[in-house]
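Counting convention: from 1, in listed order, for ligands and their atoms alike.
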Amino acid sequence: MTQALAAKTALPRLLEGLADGPLVTLERHHAVHGPMPSPQELDRAELVELIADCALRGRGGAAFPVARKMRAVAAARGRPILVANGCESEPLSGKDALLLRELPHLVLDGATLVARAIGAQRVILAVKHSAPERALLERALAERAARAFDDVSFEVFAGAATFIAGQETAVVSQINGGPALPTFQPPRVSERGVGRRPTLVQNVETLAHIALIARHGSDWHNAIGSTNEPGSTLVTVVCAGGTRSVFEIAYGTRLDDVLAAARVDTAAIGGLLLGGYFGTWLPTSVAGELRLSHEELRRCDASLGCGVIAALPASACPVAETVRVSAYLASQSAGQCGPCVHGSSAIARRLEAASRGSAGTLAFEDVRRWTLEIQDRGACHHPTGLGRFVGSALRTFRREFEDHARHGPCAACTAKAMLT
Ligand SMILES: Cc1cc2nc3c(=O)[nH]c(=O)nc-3n(C[C@H](O)[C@H](O)[C@H](O)COP(=O)(O)O)c2cc1C
Ligand code: SF4
């Protein structure tokens, strides 16, 4: 590796320059990142090749290979549309809001480059209607429009703020004037999405990575991270009191290094939730050996999802937190797939009753069985995510759940919820 490459490969990458304040003007953005490549400097096929060489996966939660999605949309019949998904419906995540608020031009550059590559002229930026980032994004767009900066047209779409509203078919449904509910597939949105056109939905962080890949190339991108998963990713670390901090880490970073960066004392935490409300509870003991890559996490049935790492203080009650989040998730079922509607609420109710001490320890066996029965049984991943969350809680906090079933709520049950 050359000296110059080594200097450029250090972290932060996406978050570069932020220590001196947000990069909300084009002037500051260009001072830190340099200009976006023109179509002459980087043609359509080259960008998709670069993204494939970087093995880039989506950062919205499902970690799907980006180049494969781009190729599918570009090959579909009709002029495609790009949707930048900035809804960030996961309650514990803060990374997409940070990008939209403080690095909007990185997201907009990525969107322009991807739109060019798939032959889209229209880009829709989807955010929650309640998001304060909306006005900032519109200001960034106005600055670009005044300088005739982009060869694609942008519009901001303000959608619902519910948990499932950020799922890609629910985003497309809203843009089409429908309800904020996932729709059944096929057809996939890549074939028939916004206005019945082929639609590519990418998370805003994914687009920000593409803005840098287009500038610096795949060798630069792949110089950090692990061999199978090169590059960096944003994570939101949630600590005691619900405080959130966003970090950029290289794939393969040890979990305890991330916790140390967030000043979490692992001796004072009682469990770790990886991946947010759809995530997996793990015992604190894994922190010293677990590296944050999809491959390693899969081995303990976990995933980074949209990058949430929550460190539950030892003084908090994991049973109360799990019961509360499951009830929330059950309430967020869109009510259109039987196994999800009935399964989610049955799981949440039974878990709550058992944890109150009114259903006995055997109730957990019912819950465990139901979490498996609802896997992959809906139009979206909602039941699968809920099942993973509850199933992992029962594994990781077995003793605590049994204590609650025998003796009822503990003293910490009434403390302020942390995972909100
Ligand atoms: C219930 C649910 C909620 C979701 N919410 C979001 C969201 O808020 N933002 C997002 O980018 N992806 C969200 N996703 C994932 C999207 O469906 C989709 O996979 C993603 O936007 C694609 O972009 P990516 O490939 O760049 O990750 C959600 C998925 C599910 C199942
Ligand atoms: S699986 Fe659940 S949340 Fe997803 S569409 Fe069906 S009912 Fe709605």
Original post:
Closest non-hydrogen protein atom to atom 13 (C) of ligand 1, residue and atom name please, with distance?
Top reply: Gly166 O, 3.3 Å
Subject >> Of the listed options Gln167, Glu88, Arg68, closest to atom 29 (C) of ligand 1 (non-hydrogen atoms) >> reply: Gln167
**OP:** State whether a side-chain donor-acceptor pair under 3.5 Å links His209 with Glu205.
**Re:** yes
Original post:
Is any side-chain N of the basic residue among Arg291 and Asp257 closer than 4.0 Å to the acidic one's carboxylate O?
Top reply: no
Subject >> Under 3.5 Å: donor-acceptor pair, side chain of Ser89, backbone of Ile164 >> reply: no
Original post:
Short list, please: which atoms of ligand 1 are under 4.0 Å from a heavy atom of Ile164?
Top reply: 1 (C)
Original post:
Regarding Arg144 and His105, is there a side-chain donor-to-acceptor distance under 3.5 Å anywhere?
Top reply: yes
Original post:
Which of the atoms of ligand 1 are close to Thr206, meaning less than 4.0 Å from one of its heavy atoms?
Top reply: 24 (P), 26 (O)
Original post:
Less than 4.0 Å between a side-chain N and a carboxylate O, is that true for Glu88 and Lys128?
Top reply: no
**OP:** Side-chain contact test, heavy atoms from C-beta onward, threshold under 4.5 Å: evaluate it for Cys340 versus Ile374 and give yes or no.
**Re:** no
Original post:
Nearest heavy atom to atom 25 (O) of ligand 1: which of Lys69, His209, His381 does it belong to?
Top reply: Lys69
Subject >> Ligand-residue contact atoms, ligand 1 with Phe278, heavy atoms, under 4.0 Å >> reply: 1 (C), 31 (C)
Name the atoms and distances for all side-chain donor-acceptor pairs under 3.5 Å in residues 64-81, with sequence neighbours left out.
| from | atom 1 | to | atom 2 | distance (Å) |
| --- | --- | --- | --- | --- |
| Lys69 | NZ | Val201 | O | 2.9 |
| Arg71 | NH2 | Glu49 | OE2 | 2.9 |
| Arg79 | NH1 | Gly119 | O | 2.6 |

Original post:
Please state which protein non-hydrogen atom is closest to atom 5 (N) of ligand 1 and give its distance, to 0.1 Å?
Top reply: Ser89 OG, 2.9 Å
**OP:** Taking Glu248 for its side chain and Ser232 for its backbone only, find out whether a donor-acceptor pair lies under 3.5 Å.
**Re:** no
Original post:
Can you list the ligand 1 atoms lying under 4.0 Å from a non-hydrogen atom of Cys87?
Top reply: 8 (O)
**OP:** Report the protein N/O/S neighbours of atom 2 (Fe) of ligand 2 that fall below 2.8 Å; do not count waters.
**Re:** Cys340 SG
Subject >> Contact atoms of ligand 1, heavy-atom distance to Val201 under 4.0 Å >> reply: 21 (O), 22 (C), 23 (O)
Original post:
Could a heavy atom of Phe64 be found less than 4.0 Å from some atom of ligand 1?
Top reply: no
Original post:
atom 15 (C) of ligand 1: which protein heavy atom is closest, and how many Å away?
Top reply: Gly60 O, 3.9 Å
**OP:** Tell me which protein heavy atom sits closest to atom 16 (C) of ligand 1, plus the residue, atom name and distance to 0.1 Å.
**Re:** Glu168 N, 3.7 Å
**OP:** Could you tell me whether some N/O pair between Gln202 and ligand 1 is separated by less than 3.5 angstrom?
**Re:** yes
**OP:** Would you kindly say whether Asp96 and Asn203 are connected by a side-chain donor-acceptor distance under 3.5 Å?
**Re:** yes
Original post:
Is the closest basic N to carboxylate O distance between Glu373 and Arg377 below 4.0 Å?
Top reply: no
**OP:** List the closest protein heavy-atom neighbour of atom 11 (O) of ligand 1: residue, atom name, distance to the nearest 0.1 Å.
**Re:** Asn203 ND2, 2.9 Å
**OP:** Pull out every atom of ligand 1 sitting under 4.0 Å from any heavy atom of Arg59, numbered as shown with elements.
**Re:** 26 (O), 27 (O)
**OP:** Indicate yes or no: does Arg368 engage Glu365 in a salt bridge with an N to O separation below 4.0 Å.
**Re:** yes
Subject >> Nearest protein heavy atom with distance in Å, relative to atom 21 (O) of ligand 1 >> reply: Asn85 ND2, 3.0 Å
**OP:** State, without any angle test, whether Asp109 and His29 hold a side-chain donor-acceptor pair at a distance under 3.5 Å.
**Re:** yes
Subject >> Pairing of Arg349 and Glu352 as salt bridge, 4.0 angstrom limit >> reply: no
Subject >> Any side-chain heavy-atom pair of Glu41 and Ser38 under 4.5 Å >> reply: yes
